[in-house]
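Worksheet: one structure, shown below.
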Amino acid sequence: MERQKSMEKGLLKKSLSIREREPKFPNEDVFLETGSSRKSTREVTKNTQDNDGECRVTASVFLSTFVAVSGSFCSGCGAGFSSGAQSGITKDLSLSVAEYSMFGSILTFGGLIGAIFSGKVADVLGRKRMMLFCEAFCVTGWLVIALAKDALWLDCGRLLLGIGVGLFSYVIPVYIAEIAPKHVRGSFVFANQLMQNCGIALFFIIGNLVPWRLLAIVGFVPCVLHVFCLFFIPESPRWLAKKGRDEDCRSALQRLRGPDVDISCEANTIRDTLEMSEIDGGSRMAELFQRRYAYPLLIGVGLMFLQQLSGSSGVTYYASSLFQKGGFPSSIGTSVIATIMVPKAMLGTIIVDKLGRRTLLMTSCAAMGLSALLLSVSYGLQSFGILPYLTPIFTCIGVLIFPMNVKVSAGTLVTVTNWFFGWIVTYTFNFMLEWNASGMFFIFSMVSAFSIVFVYFLVPETKGRSLEEIQALLSKHVQ
């Protein structure tokens, strides 16, 4: 217990020293050496602090991040497909509202299935091979959708696609967080959202121009390209260290940080964190409900629960239905959404490490609450026949400012929570839209308001902290 507290204190002060001790990991000297000769503790610490201050984003980190988030682009294509293809599919295959709601929402049900096994698969296969595994589901799913002759085949293809997307939702943020320097980690993880928005925006635009079967083929192409690109990026150093592959860990870390960078302190930090995990015990699901995990578990599950009940997934999946309901041309509305969606995500990527995740999260919740309230007023006026000429305008503005598909990366249980409530919202969305659109969005606005309070009082800021420091911070909070 004293040793654990000591390590946590060192992590928080960013001053880990290299200790002489019996090796607990194979090839421990690999971690302690970065050149042909062994350096003193003072020299290594000084050089590492200098490197931390001047830490640059290498071409390898940038390329690896771009390839990883290309999987998010594929996920965005899947999310945007149901909106762009809705009119074509319902007409060609004569689907009812219930049947198309099943088709649209089954992506999130597949995501739920993928999320259940995501942590274990990522631990066994590694981050890089798991992304290849994800694409096997996505490629197959797109082909089945493109060739579908009835609702059953549509649902099967969409389910396979959802499983791949669910696995992606876990492994991509994890991989990026494990390879990116801490001073840009927030922006790089947020690039995951940027690329997802790019995929949604592309399908919103193309969906107005091409038949739905050709749209499915368009979704197939980036998946194949992503598979090819994955062979050119390194595996996560943290996963390699966890598997005892110290030589490979050092090689991957050196490749990511640059050949002239001293990686010894970062390697030792990774090792100490793994040792702390060993002291704490295994990672069985039942252990998540121990008191020491209560705080991070509350944050993760709470954020996912509130995010989905704010209606973000429903707005993304059925944007064209919202415009039609409000009397606004859906082709124009979805094209305008696509036009502003990417710049909004780019802005978030740029400012996330300046404002902090916590501030940006509260801002997103406020925007969701405002837009949901505006949509509630819009549909309410429509139902009472009051100021009917304002309904299309309010609908357009409300949908446009809605932050679509905001994601928070987390572990397996939290990801499962996200997909489970996402499935509930996306399946019931069309039914509630027909039943009482104004009431539905009023509920969404109240959930968003509560989300602001939740984030303000419970969610800590992680800006400028390494993964190891965040872990120590959460552990200290519980104690």
Side-chain angles (χ1 to χ4, degrees), residues 65-85 103-115 117-118 121-122 127-128 130-145 157-176 188-204 206-207 215-216 218-227 229-230 304 307-308 312-317 319 338 341-342 345 348-349 403-410 415-416 418-419 422-423 426:
T65 301
F66 178 77
V67 171
V69 297
S70 295
S72 297
F73 178 84
C74 299
S75 299
C77 293
F81 180 81
S82 58
S83 177
F103 169 72
S105 66
I106 206 169
L107 178 79
T108 51
F109 187 77
L112 172 62
I113 297 174
F117 302 101
S118 59
V121 174
R127 316 321 189 198
K128 179 178 172 180
M130 181 175 172
M131 285 187 273
L132 289 169
F133 185 63
C134 295
E135 288 295 12
F137 286 98
C138 293
V139 167
T140 306
W142 281 121
L143 289 177
V144 173
I145 291 173
R158 185 83 166 166
L159 180 66
L160 290 173
L161 182 60
I163 294 174
V165 170
L167 294 169
F168 266 142
S169 69
Y170 173 86
V171 70
I172 293 176
V174 168
Y175 177 78
I176 296 172
F188 275 31
V189 171
F190 212 83
N192 177 44
Q193 178 65 38
L194 171 62
M195 291 299 287
Q196 191 172 35
N197 281 1
C198 288
I200 296 172
L202 177 67
F203 268 51
F204 275 7
I206 298 180
L215 190 62
V218 173
F220 168 83
V221 174
C223 296
V224 175
L225 293 177
H226 188 220
V227 169
C229 293
L230 282 170
M304 290 297 184
Q307 178 247 313
Q308 287 296 353
S312 60
S313 293
V315 173
T316 302
Y317 285 25
M341 183 183 295
V342 175
T349 303
M404 290 193 175
N405 221 26
V406 178
K407 297 290 183 187
V408 182
S409 59
T415 308
V416 167
N418 174 60
W419 286 110
W423 172 64
T426 53

Are the side chains of [X] and [Y] in touch, meaning some heavy atoms are under 4.5 Å apart?
X      : Y      : answer
Val67  : Leu230 : yes
Val165 : Trp419 : yes
Leu161 : Val144 : no

[X] versus [Y], closest heavy-atom pair with distance:
X      : Y      : value
Cys134 : Val171 : SG-CG1, 4.5 Å
Trp423 : Ser105 : CD1-O, 3.3 Å
Gly219 : Cys223 : O-SG, 3.5 Å
Ala201 : Ala338 : O-CB, 3.3 Å
Phe204 : Thr316 : CZ-O, 3.5 Å
Ser70  : Met195 : CA-CE, 4.4 Å

Could you grab the distance from atom [atom1] of [X] to atom [atom2] of [Y], nearest 0.5 Å is fine?
X      : Y      : atom1 : atom2 : value
Met341 : Gln193 : CE    : CD    : 9.0 Å
Ile176 : Thr65  : CD1   : OG1   : 5.5 Å
Ile113 : Leu160 : CD1   : CG    : 9.5 Å
Cys138 : Leu143 : SG    : CG    : 11.5 Å
Cys77  : Leu202 : SG    : CG    : 5.5 Å
Ile172 : Leu167 : CD1   : CG    : 10.0 Å

side-chain contact (heavy atoms from CB on, under 4.5 Å) for Tyr317 and Ser83? Distances and angles first, verdict last. CA-CA 5 Å; Tyr317 285 25; Ser83 177; over 6 Å; no
Does Phe203 CZ have over 12 foreign heavy atoms under 6.0 Å away?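 Atom CZ in Phe203 is packed in, count exceeds 12.
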As a quick check of understanding, evaluate side-chain contact (heavy atoms from CB on, under 4.5 Å) for Phe137 and Ile163, giving each step before the final call. CA-CA 7 Å; Phe137 286 98; Ile163 294 174; 3.9 Å; yes
So Phe168 and Ser118, side-chain contact (heavy atoms from CB on, under 4.5 Å) or not? Walk me through it. CA-CA 8 Å; Phe168 266 142; Ser118 59; over 6 Å; no
Determine whether a donor-acceptor pair (N or O, by modelled atom type, separation under 3.5 Å) exists between the side chain of [X] and the backbone of [Y].
X      : Y      : answer
His226 : Cys74  : no
Arg158 : Phe103 : yes
Thr140 : Ala136 : yes

Ring of Tyr175, cation from Arg127 - is the NZ or CZ under 6.0 Å from the centre and inside 45° of the axis?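 Judged by the rule (NZ or CZ under 6.0 Å from the ring centre, within 45° of its axis), Arg127 is not positioned above Tyr175.
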Audit row: Trp142, Phe81, ring pair (Phe, Tyr, Trp, His ring centres under 6.0 Å) steps and yes/no: CA-CA 10 Å; Trp142 281 121; Phe81 180 81; 5.4 Å; yes
Any luck finding a side-chain donor-acceptor pair between Thr108 and Thr426 under 3.5 Å?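 Their side chains do contain a donor-acceptor pair, which is all the 3.5 Å distance test asks for.
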